[in-house]
Amino acid sequence: TSVPILTIDGPSGTGKGTLMQLLAERLGWHALDSGALYRVLGLAASRQGLDLDDPEALTPLAAALPVEFQAGRVLLSGEDVSDAIRTEDAGMAASRVAAHPGVRSALLDWQRRFARTPGLVADGRDMGTVVFPQAPLKIFLDASPEIRAERRYKQLKEKGLDANLPQLVADIRERDARDRSRPVAPLCPAEDAVLVDSTQMSIAEVLDRVLEEVRRVF
Ligand code: C5P
C-alpha cells in the first residue's frame with residue numbers, strides 16, 4: 001500500500017486546483033479535488049432544503065452522497081453539476097457543511113479510495129494533515145487574500161459569471177476564518193509540509209518549484 005501520494009493544501013484562490021491538474025497530467029497520476037466533494041454536498045443539502053449548520057441532517061447525506069467524478073466532470077445523481085458547484089454561494093455552502101466532524105469522517109473512506117497506482121495528487125485543506133498523513137510529499141500553497149480575490153475575479157469573469165471584487169475579498173476572508181478556526185481538520189500546514197507562497201509567482205513557476213520537490217522525494 002505504498003502508492004505515491006502528493007498532497008496540496010491551502011486556502012482558496014492560491015492556484016491549488018490548476019497546480020493539481022498540471023501535476024496529475026505531468027506525472028500521469030490520479031487527481032482528487034476534495035473541495036468539489038464538499039461543494040457537491042453543500043449543493044445537495046441546499047437543494048433538499050437542509051439546514052447547513054445541522055450535522056444530524058447532513059451526516060447521513062454525506063455518508064450516502066450520490067457523487068461521481070468522471071472525465072473531469074462532477075456528477076450528482078448522474079447530473080453534471082461541474083459548473084453549479086463553482087459559484088461563490090456553493091463555496092460558502094461547502095465551507096459550512098465541511099465544519100461538521102461527522103460529515104468529514106463520513107467522507108474519509110471515499111477520499112482514501114483515490115490512492116491507487118500509479119499515484120495520486122490530492123488537493124484540499126486537510127489532505128496532508130488528516131486524509132493522507134503518510135504522504136511523502138506535502139505542499140502548502142498560500143498567497144495574500146487580495147491576490148487570491150483578484151485571481152478568483154478573473155476566473156469568474158472568464159466563465160461569464162457575475163463578480164464583485166470587494167465582495168470576493170470579504171467572502172475569502174470569511175471562508176478562510178471559518179476554515180482556519182474550526183475545531184476539526186482546521187486549515188493549517190502539516191508539520192512536514194513544504195510551504196510555497198504564490199503571491200508573486202506565476203503558475204508555471206509554482207509548477208517548477210513543486211516538480212523540484214517531486215524529483216527529490218519520489
Ligand atoms: O477548495 P474549494 O474552494 O473547492 O473548497 C470549498 C470548501 O470546502 C472550503 O472552503 C473548505 O471549507 C471545504 N474543504 C474542506 N476540506 C477539504 C477541501 C475543501 O474543508 N479537503
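Ligands are counted one by one from 1 in listed order, and the atoms in each one are counted from 1 as well.
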Item to check | Protein contact of atom 19 (C) of ligand 1 - nearest heavy atom, named by residue and atom, plus distance | outcome: Gly35 CA, 3.5 Å
Item to check | Identity and separation of the nearest protein heavy atom to atom 6 (C) of ligand 1 | outcome: Arg175 NH1, 3.5 Å
Checklist entry - Has ligand 1 got any nitrogen or oxygen that is less than 3.5 angstrom from a nitrogen or oxygen of Asp123? => result no
Item to check | Ser95 side-chain N/O to Gly91 backbone N/O, donor-acceptor pair under 3.5 Å | outcome: no
Item to check | Distance filter under 4.0 Å to Ser95 heavy atoms, resulting ligand 1 atoms | outcome: 10 (O), 12 (O)
Checklist entry - Salt bridge check: are Asp33 and Arg86 linked by an N-O gap of less than 4.0 Å? => result yes
Next on the checklist: Strictly below 4.0 Å, N to O, side chains only: are Glu79 and Arg73 in salt-bridge contact?
Outcome noted: no
Item to check | Contact (N/O only, under 3.5 Å) between Arg152 and ligand 1 | outcome: no
Next on the checklist: With a 4.0 Å cut-off on heavy atoms, is Gln111 in contact with ligand 1?
Outcome noted: no
Checklist entry - Quick one: which of Asp9, Asp192, Thr129 gives a side chain to side chain donor-acceptor pair (under 3.5 Å) with Lys138? => result Asp192
Checklist entry - Is the side chain of His100 donor-acceptor paired with the backbone N or O of Leu52 at a distance under 3.5 Å, no angle test? => result yes
Next on the checklist: Side chains of Ser82 and Asp80: any donor to acceptor distance under 3.5 Å?
Outcome noted: yes
Item to check | Where ligand 1 meets Gly124 - atom numbers and elements under 4.0 angstrom, heavy-atom basis | outcome: 18 (C), 21 (N)
Item to check | Shortest protein contact, atom 12 (O) of ligand 1 (heavy atom only) | outcome: Asp179 OD1, 2.7 Å
Item to check | Donor-acceptor contact present, side-chain His30 to main-chain Ala115, <3.5 Å | outcome: no
Item to check | Part of Met92 within contact of ligand 1 (heavy atoms, under 4.0 Å) | outcome: neither
Next on the checklist: With a 6.0 Å cut-off (strictly less than), is the heavy-atom count around NZ of Lys154, excluding the residue itself, greater than 12?
Outcome noted: no
Next on the checklist: So for atom CZ, which belongs to Arg112, do other residues, nucleotides or ligands contribute more than 12 heavy atoms lying within a distance under 6.0 Å?
Outcome noted: yes
Checklist entry - What residue and atom, counting heavy atoms only, is the protein's closest point to atom 1 (O) of ligand 1, and at what distance? => result Arg125 NH1, 2.9 Å
Next on the checklist: For ligand 1, which is the ligand I care about here, please tell me if Ser34 has any N or O atom under 3.5 Å from one of the ligand's N or O atoms.
Outcome noted: yes
Checklist entry - Can you find an N or O of Ser12 that's nearer than 3.5 Å to an N or O of ligand 1? => result no
Next on the checklist: How long is the straight-line distance from SG of Cys188 back to CG of Asp126, given to the nearest 0.5 Å?
Outcome noted: 9.5 Å
Item to check | ligand 1 contact on Ala98 by region, counting heavy-atom pairs under 4.0 Å | outcome: side chain
Checklist entry - With a 4.0 Å cut-off on heavy atoms, is Arg178 touching ligand 1? => result no
Item to check | Intermediate values then yes/no, side-chain hydrogen bond (donor to acceptor under 3.5 Å, both in side chains), Thr199 and Asp197 | outcome: CA-CA 6 Å; Thr199 306; Asp197 188 318; 2.6 Å; yes
Checklist entry - Which protein heavy atom lies closest to atom 20 (O) of ligand 1, and at what distance to 0.1 Å? => result Arg104 NH1, 2.7 Å
Item to check | Sub-4.0 Å atoms of ligand 1 with respect to non-hydrogen atoms of Met127 | outcome: 21 (N)
Checklist entry - Are any of the N/O atoms in Arg39 less than 3.5 Å from those in ligand 1? => result yes
Checklist entry - Any idea which atoms of ligand 1 are less than 4.0 Å away from a heavy-atom of Tyr38? => result 8 (O), 14 (N), 15 (C), 16 (N), 17 (C), 18 (C), 19 (C)
Checklist outcome for this item: Looking only at protein heavy atoms, what sits closest to atom 7 (C) of ligand 1 is Ala94 CB, 3.7 Å
